[in-house]
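Computation of the quantities below employed the complete heavy-atom set of this structure, encompassing side-chain atoms and omitting hydrogens, waters and symmetry-equivalent molecules.
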Amino acid sequence: MILKKIWNAILNFFKKNSEIKAIQGEPLLKASRKEITGELKIIEGKLPEDIFGVFHVSLPVGTVNSEGLPFPEKTEEGKNNPEFGSPIMNGDGMVIQVNLNQSSPEVKTKLMKTPCFYADEATKQGTKHHGLMGFHNMGITRMSMVFGSRNELNTATQPVKFNGQKQGSLMATYDVGRPYLLDPKSLEIITPMGKSTEWMTAEPPMVPWPFGIAQTSAHPVFDPLTKEVYTVNYSRDKGSFTHMEQTIHHLRHNKESFKDKLEALAHKLVDHPDHDHVNEEVKGFFTNLNHHVDGKPHDNDEPKGDVFMFLLAWDGNGPMKRWELEDQTGDKLAIYECMHQLGITEDFIILTDCSFKFAMDLLFDNPFPESKVIERLIRRLSTVKMEAFTTVYLVKRKDMDPSKEKLTAYRLKEPIPLETIHYSCDYANPDGVITLYGVHNAATCIAEWVRTFDKRALDNKPVDPNYYSLFAVGSMDISRLGKWRIDSNSLEVLEEKSKVLEEPGKWKEDVIGPNTWTIVLYTYRDILSADKVVPTIKQFWYVSDGTDSNLLTKFVYNLYKDYPHRDLSLDDIKEATKRELPFSITRVNLETMETEDYYQCAKKTYIRGVHFIPRKTPDPSIPEELDGYLFCPVQVGTEIPEGGWTYSSEFWVFDATSISKGPICKMKNEEVKFGFTLHTSWMPEADTTEQSYKIPVREDYEEVIEGIKIKADTKFLEDFFEKNIYPHFE
């Protein structure tokens with residue numbers, strides 16, 4: 001008996017220590033790149049018998065060098081890793097699929113392996129090609145001075161079903177890259193939307209890049225009635241080309257001299273108290289790069305880039321339709337931030353200048369990511385506040401004649417008076433009145449991320465390293481949800497018929513109640529449906545991210561302390577941040593714009609997405625807009641006895657009629673690990689696509705390479721693609 005007790009004690013000791021070791025290996029940003037197919041096991045509750053369909057969620061999972069997330073501090077050779085601390089948004093896209101049509105829910109994960117993915121793989125750290133050819137995290141995008149820009153397809157998926165199709169496809173999207181169709185069953189890439197040569201690219205003409213910078217929307221819109229998908233292809237205002245041509249030239253030809261001179265300047269200026277002096281010094285440096293940087297000079301007479309804006313339509317068969325857009329005065333549309341989101345109604349395509357700085361002047365946020373002093377200097381000078389309003393354009397669908405080359409995008413007389421990233425519209429627009437529901441992330445910069453040198457706004461202490469790379473979305477005011485009526489005839493926002501919900505809740509108490517702290521993601525019935533339009537959106541669920549002291553950096557605090565639409569005082573913001581308000585889900589009745597249901601998460605439990613799934617057999621006693629479930633990827637924190645937290649990745653199901661009761665089912669698979677997910681989608685089935693029109697990769701890129709005028713580059717690219725890219729698609 002004594003020996004048995006001793007033996008059990010030994011076993012328990014090793015079991016406990018192995019569990020602790022495993023627990024300590026799951027940091028906040030843990031994300032796996034492993035592609036798996038497996039079963040989701042129920043760990044709590046019961047999966048409803050009438051839940052069905054196939055759920056998808058997109059997420060970035062690091063680079064070909066990082067083996068997932070977080071980005072390691074050191075490379076395999078033990079050197080400082082230039083990717084360490086780069087933004088989480090800058091990573092290969094992965095789609096997680098949960099198939100609820102199986103007897104046991106099946107989970108599948110798949111990397112989005114575009115042609116540029118294989119170029120990145122062939123030139124990754126440790127290969128002979130890495131140096132100049134390799135891709136590097138330069139701020140919020142990943143670029144190579146030889147190959148161009150990565151299309152990471154890490155942001156969203158959109159079900160589409162073109163004419164004659166029963167199943168359709170899943171479209172994967174990104175702000176800086178062509179959308180691609182995926183096969184819903186295998187999640188393999190099928191074809192891009194349009195050939196490379198059908199897209200205008202925003203890099204300077206002097207750069208012979210096969211992977212050009214195709215700026216578009218991460219949220220194109222699909223009309224289930226006309227069976228077409230609509231998106232944009234644009235460049236920003238002319239100012240975004242400032243210094244770009246010569247910067248790229250010196251990065252390609254004189255990189256070491258460029259870095260040495262810029263780093264010396266950064267050490268001299270980064271902490272200088274006179275901002276105007278710093279600005280003038282840096283401006284002078286870039287204006288006269290040929291003087292400051294040794295080596296081959298840049299030819300200032302090379303052709304310059306220019307602004308452009310096109311609306312694109314595609315029916316899944318053949319070339320895209322395209323129209324150049326100008327406003328009602330005949331001027332080209334000038335986009336100052338980005339076009340992250342589009343909207344659609346029965347009569348209009350809605351275009352907006354969204355408050356997300358995903359654009360050309362930020363593609364080179366830091367041309368030398370390994371140098372933190374350069375990063376500090378560039379951020380000090382290049383970061384500007386989001387515009388505190390939303391410029392809106394309306395395109396009349398009846399004007400979209402394929403025989404025309406140009407269309408008018410009618411600018412509203414006055415913008416929506418709050419900044420907007422995401423929004424949805426009622427499909428119906430009676431008497432030409434559009435209803436737009438906007439999520440207004442007040443005083444928030446989604447393009448900012450937590451840097452390794454950041455300090456917390458509350459106490460000036462260094463940010464917890466577990467938060468490096470995350471979006472720096474510490475609340476600097478309360479978010480809003482707006483219901484905006486827009487008169488398309490007068491081009492005016494009907495403010496007397498519009499309403500804004502802003503609700504701090506009982507934020508000084510343990511149970512806050514319905515609130516709008518840091519609204520990020522939302523859902524409603526038939527959002528993103530390839531089968532049905534939603535004439536009037538009636539019920540709306542959104543996730544509030546609360547507050548977190550490590551996400552409110554001193555830099556962001558100073559950037560938005562003078563926010564013009566401030567609702568809460570800076571003292572209230574600091575106190576609410578110190579309390580670290582929890583995540584929650586709130587349901588809003590959009591007809592009354594009042595909150596009606598609420599669920600609050602436990603500490604360190606993060607709802608990373610939310611999607612409405614209708615009940616398979618409708619319940620006639622429940623209004624259609626409530627008849628279903630919410631499906632959520634959730635990151636669950638558990639406190640470790642020795643101190644700190646460990647995180648697991650789960651999927652939760654809520655009854656949409658009563659989220660206040662909490663999740664009715666929790667599921668997980670130990671191999672699925674996500675630290676941060678983005679947008680979700682759902683479709684009834686996941687069978688093999690019937691997509692017949694496909695653009696062959698070889699044909700697509702041979703046409704691009706053939707157009708490159710520098711013959712030495714052409715020969716190198718032909719050989720490189722033949723060896724490293726084409727074999728993966730043939």
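- Residue Glu580 qualifies as enclosed at atom CD: its count of foreign heavy atoms under 6.0 Å is above 12.
- Remark: side-chain polar atoms of Glu263 are not paired, donor with acceptor, to backbone N or O of Val373 under 3.5 angstrom.
- Within the 4.5 Å cutoff, the side chain of Leu678 has heavy atoms near those of the Pro60 side chain.
- A side chain to side chain contact (heavy atoms under 4.5 Å, CB included) with Met193 holds for exactly one of Thr173, Thr231, Leu181; it is Thr231.
- Judged purely by atom type and a 3.5 angstrom limit, Ser681 has no side-chain atom pairing as donor or acceptor with the backbone of Gln158.
- The backbone N or O of Val61 sits nowhere less than 3.5 Å from a side-chain atom of Asn154 that would complete a donor-acceptor pair.
- Under the 30°/60° scheme for interplanar angles, the aromatic rings of Phe720 and Phe147 are found to be tilted.
- Within the 4.5 Å cutoff, no side-chain heavy atoms of Leu552 are placed close to those of Arg456.
- A donor-acceptor pair under 3.5 Å is absent between the side-chain atoms of Thr680 and the main chain of Gly609, judged by distance alone.
- Arg150 and Ser144 share no donor-acceptor pair across their side chains, judged by distance under 3.5 Å alone.
- When each of Thr352, Asp175, Thr420 is paired with His340, the side chain to side chain donor-acceptor pair (under 3.5 Å) condition holds for Asp175 and for no other.
- Taking Ser66 as the reference, nothing meets the side chain to side chain donor-acceptor pair (under 3.5 Å) condition, with sequence neighbours excluded.
- Taking CZ from Phe71 and CG from Asn81, the interatomic distance works out to 8.5 Å, rounded to the nearest 0.5 Å.
- Legend: residues meeting ring pair (Phe, Tyr, Trp, His ring centres under 6.0 Å) with His679, ordered by chain and number and at least two apart, are His219, His422.
- Checking side-chain atoms of Arg698 against main-chain N and O of Pro727 turns up no donor-acceptor pair under 3.5 Å.
- Distance NE2/His130 to CD/Gln125: 5.0 Å, rounded to 0.5 Å.
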Self-check item: Intermediate values then yes/no, ring pair (Phe, Tyr, Trp, His ring centres under 6.0 Å), Tyr606 and Phe676
Solution: CA-CA 9 Å; Tyr606 308 122; Phe676 196 97; 9.4 Å; no
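- When atom types are taken as modelled, the side chain of Ser479 and the backbone of Ile519 share a donor-acceptor pair closer than 3.5 angstrom.
- Under the 3.5 Å distance criterion, the side-chain polar atoms of Trp449 are left unmatched by any main-chain donor or acceptor of Tyr468.
- Panel note: side chain Ser32, backbone Val672; no donor-acceptor pair is recorded below 3.5 Å.
- For the atom pair OG1 of Thr141 and CZ of Phe135, the computed distance is 11.0 Å after rounding to the nearest 0.5 Å.
- Shortest non-hydrogen contact noted between Trp209 and Met145 is NE1-O, 3.0 Å.
- Salt-bridge annotation for Asp719 and Lys715: present, with a side-chain N of the basic residue lying under 4.0 Å from a carboxylate O of the acidic one.
- Counted within 6.0 Å of NZ on Lys554, heavy atoms from surrounding residues, nucleotides or ligands total 12 or fewer; the atom is thus considered open.
- Residues Tyr174 and Met112 form no side-chain contact, since every pair of their non-hydrogen atoms from C-beta on lies 4.5 Å or further apart.
- Asn90 contributes no side-chain N or O that, together with a main-chain N or O of Asn137, makes up a donor-acceptor pair within less than 3.5 Å.
- No more than 12 heavy-atom neighbours from other residues, nucleotides or ligands sit within 6.0 angstrom of NZ on Lys723.
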